[in-house]
Amino acid sequence: MSSHMTDTTHLGAHFLPNVHTTPLASTKRCYEPKFRFSEQQLRKYPETQQLKIAIAEKIAKKEYFYGIEILARNHNPKLMLDYTKFGKILPLFTSLVWLGLDYSRVANVDKVESLRLAKKLTVNQHEMLIAPHLSCYGLDTKRLKEFMELNFTNIVIVRGDQYDSQQEFKYASQLVAQIRRECQDSITIAVAGHPEGHPSISTVQEDMQFLIEKINSGADLIITQVCFKAQALIDFIKSCRLNSIDIPIILGIYVPDNMKSLQFLMELTKIEMREEDLQQYRYYAGKGSEEFRFFAAQKAAQMILTVLKAKDINIYGIHFFTMNKFDMVTKVLEELRKCINI
């Protein structure tokens, strides 16, 4: 593919600036996060390594479940991602973010930070369901083959934060189709869904057609991207069902821990929030960090419950975009557990 970017778009929460694209041996300037689990947690894990099977079992039993998204890139050598904070029940799965521009420059795909960490979690916590992201940007058939040889059982396909008009896989649906052809039913493929439409696409209806293409190409699951409006999520789910999309849909949830991070994410993703909600966040930010976090957790829990309890929705899964901040997820789970078993 071309070595330069012809287009740069804000797609998702992990936008990186345009930099020179000389191949890298690896990405060594960051520290690998450390993890903590309890034996009790691991004993409760599902036997299957196929995420679609584990989720189908949960839905069949009408049991709520959650997953988390983490970052492999970390500048704090002492960072501990403590899964014991989640209580007796671990997240059903952990996905790892793909940083498109940087990771596409790493010469050997197995040296990519997120994949290296995913393999470590897979080996050391064999019960853990791991789903690394893979971006279309910088990807060609040869590199895809190298990725597939790493033998991940679950994968999250994204078009990516960057886009080159000459790249081999221009759309996520093309990458989904290629992996499905090669792996048949031996892999779970999750894709992104945009409740308010993709920021680069003019209409919600057009964006739905792209989603339908991803499903028809072989996707197993949909993870909705950042959204702060319960009704937008409900409308999106109903629209999916009306368009004969019957695969599981998992709510993607971001819970800010301060006003700066919230504003940054909104600017980055171009996702809008109702003005009255934004004013509430600003009000609690002025009252102090603890007050802000408590409000943000309650706000997220309220939105989740509104969606879960909506008529004819039948959604059981939640996916937290953690930014490696587990405390906010724990706070939301505490609120949810007052009303549902999760």
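A distance-only check finds a donor-acceptor pair linking the side chain of Asp220 to the backbone of Ile189 [under 3.5 Å]. Without hydrogens or angle criteria, Asn154 side chain to Leu51 main chain gives a donor-acceptor distance under 3.5 Å. A donor-acceptor pair under 3.5 Å links the side-chain atoms of Gln50 to the main chain of Thr188, judged by distance alone. Judged by distance alone, the side chain of Arg159 and the main-chain N or O of Ser173 form no donor-acceptor pair under 3.5 Å. Arg116 places a side-chain N or O within 3.5 Å of a backbone atom of Lys111 that can act as its donor or acceptor partner. With hydrogens and angles disregarded, a donor-acceptor distance shorter than 3.5 Å links the side chain of Lys214 to the backbone of Ala192. With Thr224 contributing its side chain and Gly252 its backbone, the two residues share a donor-acceptor pair below 3.5 Å. Looking only at distances, a side-chain donor or acceptor of Thr122 sits under 3.5 Å from a matching main-chain atom of Ala118. A side-chain donor-acceptor contact under 3.5 Å links Asn258 to the backbone of Lys260. In terms of modelled atom types and a separation under 3.5 Å, the side chain of Arg337 and the main chain of Ile342 share a donor-acceptor contact.
Applying the ring-ring contact (aromatic ring centres under 6.0 Å, His included) definition to pairs two or more places apart or across chains, none involves residues 216-257. Sorted by first and then second residue, the side-chain hydrogen bond (donor to acceptor under 3.5 Å, both in side chains) pairs with a member in residues 307-321 read Ser95-His319; sequence neighbours excluded.
Atom CD of Glu272 has 12 or fewer heavy atoms from other residues, nucleotides or ligands within 6.0 Å. The local environment of CG in Asn76 is crowded, with over 12 non-hydrogen atoms from other residues, nucleotides or ligands closer than 6.0 Å. Annotation for Tyr64: atom OH counts as buried by contact number, over 12 foreign heavy atoms lying within 6.0 Å.
The aromatic rings of Phe86 and Tyr66 sit perpendicular, their planes meeting at an angle over 60°, well past the 30° parallel limit. Ring planes of Tyr281 and Phe295: perpendicular class, angle over 60° (limits at 30 and 60°).
Qualifying side chain to side chain contact (heavy atoms under 4.5 Å, CB included) partners for Gln298, counting only residues two or more places apart in sequence or in other chains: Phe294, Glu335. Residues satisfying the side-chain hydrogen bond (donor to acceptor under 3.5 Å, both in side chains) test with Thr141, not counting sequence neighbours, are Glu168. When the side chain to side chain contact (heavy atoms under 4.5 Å, CB included) test is applied to Gln184, no partner is found at least two apart in sequence or on another chain. Under the rule for a side chain to side chain contact (heavy atoms under 4.5 Å, CB included), the partners of Lys61 that lie at least two apart in sequence or sit in another chain are Glu63.
For the pair Leu81/Asn324, a side-chain contact is recorded, criterion being any heavy-atom separation below 4.5 Å from C-beta on. Contact annotation: the side chain of Gln302 approaches that of Lys299 to within less than 4.5 Å [non-hydrogen atoms, C-beta and beyond]. Between Cys227 and Glu196, some side-chain heavy-atom pair lies under the 4.5 Å cut-off.
A salt bridge links Asp102 with Arg73; the closest basic N to acidic carboxylate O contact falls under 4.0 Å. We find that Lys52 and Asp185 are joined by a salt bridge, their nearest charged nitrogen and carboxylate oxygen being less than 4.0 Å apart.
In summary, the aromatic rings of Tyr83 and Phe326 are positioned with their centroids under 6.0 Å apart.
Using modelled atom types and a 3.5 Å distance limit, the side chains of Tyr103 and Glu113 yield a donor-acceptor pair. Between Gln263 and Glu267, the side chains place no donor N or O within less than 3.5 Å of an acceptor N or O (distance only, hydrogens not considered).
A continuous path of Ile, Leu, Val, Met, Phe, Trp and Tyr side chains, each step under 4.5 Å between heavy atoms, connects Ile340 with Leu251, placing both in one hydrophobic cluster.
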